[in-house]
Protein chains: 2
Amino acid sequence: MLSFQERILQKEDSLTASEIKIIDQLKKHDKPFLLSMNELSLLSNVSEPSIIRLYRKLGYTSYQELKVTLAQELANQHSNLAGNETAILEEDLADTVFTKIGDQFSAAMSMTREKIVVEEMEEAVKLIAEAGRIFFFGQGLSGTIAEDGAHKFMRIGGTVLAEKDPHYQAIYASQMTENDVVIAISHSGETVNIIEVVHMAKSSGATVIMITSNENTTLAKMADILLLTQAQETATRSDAMTSRLVQLAFLDTLYTRVVAVGGDTIKKAVNKSRLAVTKMKK
Amino acid sequence: MLSFQERILQKEDSLTASEIKIIDQLKKHDKPFLLSMNELSLLSNVSEPSIIRLYRKLGYTSYQELKVTLAQELANQHSNLAGNETAILEEDLADTVFTKIGDQFSAAMSMTREKIVVEEMEEAVKLIAEAGRIFFFGQGLSGTIAEDGAHKFMRIGGTVLAEKDPHYQAIYASQMTENDVVIAISHSGETVNIIEVVHMAKSSGATVIMITSNENTTLAKMADILLLTQAQETATRSDAMTSRLVQLAFLDTLYTRVVAVGGDTIKKAVNKSRLAVTKMKK
DNA sequence: TAAGTTTGTAGTAATAATACTACATAAAAA
DNA sequence: TTTTTATGTAGTATTATTACTACAAACTTA
C-alpha cells in the first residue's frame, strides 16, 4: 500500500493548483482525519468536487479511505518530527534547546532505523560475541565514543580495549589476528589516521565494524560491516552532536544483543561486573 | 476541559457493565476517532443507545465531541510512550532493540524536560561562560561523559579539563578558586570519590554543577546547580544507558547555550577550533 | 416475589456526509 | 484567438450517522 506522501510524489507533476491547496491543508492540519470534505473544502478554498478529483487521482476509492490512510501514517510519522521545525535558534533558552536536541535525535534515530539491515547488525553481534579481542578505535569526539563502547563491552569478560592514540592503534592493528574485531568510529569517514589503522587491521586479518555518518567515504567502503548513522544538518548545531548520540545507541544495541545471544559465560561475566561496580560505589 | 480518562475516573463507581465494554474498546482501538457509533457498538457488543447514554454520562454533548477529545489525547499520549511497551526483550533483534532504545530515550527526555527549571540551566550557562576554568569530573561510564563534555567545551577557548582519576581530581579540587566551575557527573549520585572531590572543590570556593539521575542523593544535595535526568527503569536494560544519553543531551544543551550567549571571544574560539579539526582530517 | 436497574429492540426523524452530474466560467497553453 | 485544462456552482441522489423514543426483556437487589 502506497503512502499518502508517495502517492503525491508519484503524481507530483500533474498536480493542479487547487489540488496542491488541498494537500497543503491536509499536511498542515494536525488531525486531518477528523475533517469532513466540506470542512476541508472551506479550509483550502476549494470546491468539494476538486477534493473528489484529487483523491481519485491519488488512487483512493473513497474519501474515507484517504482519511484512514492518513490517520495511520500520522500515528507513525509523529515520532519522526520534521527536522526544519526543530532547528535550534540562538534565542532559544536552555529548556527549548534541550527539547529540540531530543527531537533532532528522535528524527535521526528514525532515519537511521530505516536504513538498518538487520542481518548485518546481527552479523556484527555474532562477530563480537565470538571475537578473541575487541578493539575500539576513534579520535577526538569519536574517541570518547570508543571509550564508552569499551566500557560497556568490558563487562562481557573478553579482552576489550579502547585506544585513541594513533600510534598505539597502529601497534595493536599490526598484531591482530583473524579472531580480532575492530570497531572503528569516525564521524566523517575520512579520518586519516583511522584509515591507516583500519587498513593495517584488515591486513592482519581482523574484521572491521565501522560506525560512521557518511556513506560514500573511504572508511565506509573499507568496512566489513557498516553501521551508518543518518542525521539532518541544521544551521546552528553541527549534526555531529546528533550523530554521536545515534552512534552511542548503536553501541548500546550491539551490547544489548551480544548479552542476549551470548552464552552463560557472557551472562555470568556481566553479573560479576555489575557486582564489582556496586561494591565500588558503597 | 477534562480528559477522557479523568471523566471515566470521576464516574468510575456508576459505570455499568456495557459502559465498561465500550470504554474497553475505545481504549483498545488504536484509532478510536475513526469509529462510527455503529462500528463501536458492534465491536463492544453493545447497543447504540448504550453508547449515547455513556457519552452523556461522561459529560459530552455529542458523539463527535468524544471523538475529537480522544483524537487530541491520543496525539499527545503518543509522544510520551509508555515505558512498558518499549521494554527490550531478549528475543528482539537488533533493529527492534535500536528502535526501543530510541523510544526509551525519547520518553526519558520528555520526563527530564518536565523537571527542568530554565532559570537554573541558564544560570549554569552563565557560570560556565564566565568561568575561569572548567573541570569535568566523572568515574567509569560517567568519566567518558566528562571527557565528552570537555571535548566540546575546549572549543570555547578557556581552560577546560576532564579528569577521571580520583587522585588528580583531588589535586585539582584543592587548588580551585571562586572563578572555577566543576561539572560533576555521577549516575548514582553516591559515587564516593566524587563526593569527596566535590566537597573539596566547594571548600576551595568553586561552583559545582551536578549531573545525576537520582534526586535524593548526597551529590544531588551538594550541588550548586542540579541537572537531574529522569528515566524509567526497565527490566532488561539498565536505565543507566538511557540516562547517559540524556546526560549528553544536557551537556550539548549547555554548550549550545554557552556559545549562543557567549561574546565574540567565544564565537571566534569556536570557529578557530572548527578550522583546526577540519585541517587535521585532510 | 416485587421493585428497581440495566440493556436491547425497533422504529423513526433529522442531519450530515459522500458521491455524482452537467454546465459555466476562468485560466493557461497552443 | 482558439483550444484545452482547471475549477467552481448548483442541484440532487444516496447513504451513513447521529439522535431520540417507547417499550420489552433481562438481570439485580431488597
Side-chain angles (χ1 to χ4, degrees), chain A residues 1 4 7-74, chain B residues 1 4 7-74:
Chain A
M1 188 65 123
F4 181 69
R7 285 166 200 250
I8 289 174
L9 283 175
Q10 216 171 42
K11 301 281 173 181
E12 204 175 19
D13 302 323
S14 68
L15 288 180
T16 68
S18 48
E19 286 170 343
I20 290 171
K21 277 197 235 167
I22 301 170
I23 293 169
D24 282 350
Q25 282 304 319
L26 283 175
K27 283 187 181 166
K28 200 194 286 178
H29 205 278
D30 56 329
K31 290 185 272 310
F33 38 80
L34 289 178
L35 287 175
S36 72
M37 255 173 58
N38 182 266
E39 291 169 315
L40 180 55
S41 84
L42 290 175
L43 274 178
S44 19
N45 279 314
V46 139
S47 69
E48 294 186 18
S50 291
I51 297 176
I52 298 180
R53 286 169 196 137
L54 172 64
Y55 74 63
R56 293 232 169 107
K57 184 185 271 183
L58 295 181
Y60 299 104
T61 56
S62 75
Y63 184 61
Q64 282 308 316
E65 199 181 310
L66 180 151
K67 288 211 288 187
V68 174
T69 313
L70 233 47
Q72 220 115 26
E73 283 162 37
L74 269 191
Chain B
M1 190 62 123
F4 181 69
R7 285 165 200 250
I8 290 174
L9 284 175
Q10 217 170 42
K11 301 280 173 181
E12 206 174 18
D13 302 323
S14 68
L15 288 179
T16 69
S18 47
E19 286 170 345
I20 290 171
K21 278 198 236 167
I22 301 169
I23 293 170
D24 281 350
Q25 282 303 321
L26 284 175
K27 282 186 181 167
K28 199 194 288 178
H29 205 279
D30 55 330
K31 290 184 273 308
F33 37 83
L34 289 178
L35 288 174
S36 72
M37 254 172 59
N38 182 264
E39 290 168 315
L40 180 55
S41 85
L42 290 175
L43 274 178
S44 19
N45 279 313
V46 137
S47 69
E48 295 186 18
S50 291
I51 296 177
I52 298 180
R53 286 171 195 136
L54 171 65
Y55 73 62
R56 295 231 169 111
K57 185 185 270 185
L58 296 180
Y60 299 104
T61 55
S62 77
Y63 184 61
Q64 282 309 315
E65 199 182 310
L66 180 151
K67 288 212 287 188
V68 173
T69 312
L70 233 45
Q72 219 116 26
E73 283 163 35
L74 271 190

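Just so it is clear: chains get the letters A, B, ... in the order the sequence lines come, proteins before strands, and each one is counted from 1.
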Quiz item: Only one of A:Glu19, A:Lys21, A:Lys11 forms a side-chain contact (heavy atoms from CB on, under 4.5 Å) with A:Leu54, so which one is it?
Solution: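 Of the listed options, the one satisfying the test is A:Glu19.
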Compare the minimum distances between each of [options] and the side chain of [X], then state the nucleotide with the smallest one.
X: B:Tyr63; options: D:dT18, C:dG8, C:dA19; result: D:dT18
X: A:Thr16; options: C:dA19, D:dA6, D:dT21; result: D:dA6
X: A:Val46; options: D:dT17, C:dT7, D:dG8; result: D:dG8
X: A:Ser18; options: D:dG8, D:dA19, D:dA22; result: D:dG8

Quiz item: Going by atom types only, do B:Glu65 and B:Ser62 share a side-chain donor-acceptor pair under 3.5 Å?
Solution: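 Short answer, no.
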Quiz item: Going by the angle between their ring planes, with limits at 30° and 60°, are B:Tyr55 and B:Tyr63 parallel, tilted or perpendicular?
Solution: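 Judged by the thresholds at 30° and 60°, the geometry between B:Tyr55 and B:Tyr63 is tilted.
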What is the distance from [atom1] of [X] to [atom2] of [N], rounded to the nearest Å?
X: B:Lys57; N: C:dT7; atom1: NZ; atom2: C1'; value: 12 Å
X: B:Ile52; N: C:dT7; atom1: CD1; atom2: C1'; value: 13 Å
X: A:Arg53; N: D:dG8; atom1: CZ; atom2: C1'; value: 8 Å
X: B:Ile51; N: C:dT6; atom1: CD1; atom2: P; value: 18 Å
X: B:Leu42; N: C:dT7; atom1: CG; atom2: P; value: 17 Å
X: A:Glu65; N: C:dA17; atom1: CD; atom2: C1'; value: 17 Å
X: B:Ile22; N: C:dT7; atom1: CD1; atom2: C1'; value: 10 Å
X: B:Leu34; N: D:dT18; atom1: CG; atom2: P; value: 12 Å

Quiz item: At under 4.0 Å between heavy atoms, what does B:Gln64 touch on the DNA or RNA strands: base, sugar-phosphate, or nothing?
Solution: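 Result for B:Gln64 = sugar-phosphate.
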Practice problem: For A:Lys21, report the nucleic acid contact type (base, sugar-phosphate, nothing); a contact means any heavy atom under 4.0 Å. | Solution: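 The residue A:Lys21 makes no contact with any strand.
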Quiz item: CD1/B:Ile22 to CG/B:Leu66 distance, rounded to the nearest 0.5 angstrom?
Solution: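 B:Ile22 CD1 to B:Leu66 CG: 10.0 Å, rounded to 0.5 Å.
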Quiz prompt | Distance (rounded to the nearest 0.5 Å) between A:Met37 CE and A:Lys67 NZ | solution =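 The distance works out to 10.0 Å.
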Self-check item: Which residue lies more 5' along DNA chain C, comparing A:Asn38 with A:Pro49 via nearest heavy atoms
Solution: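 Its nearest nucleotide being more 5', the pick is A:Asn38.
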Short side-chain N/O contact from [X] to OP1 or OP2 of [N], under 4.0 Å:
X: A:Tyr55; N: C:dT18; answer: no
X: B:Ser47; N: C:dT7; answer: no
X: A:Ser50; N: D:dA6; answer: no
X: A:Lys67; N: C:dA17; answer: no

Quiz prompt | 5′-ward residue of the pair A:Ser14/B:Glu39 relative to DNA chain D | solution =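 Whichever sits nearer the 5' end wins; that is A:Ser14.
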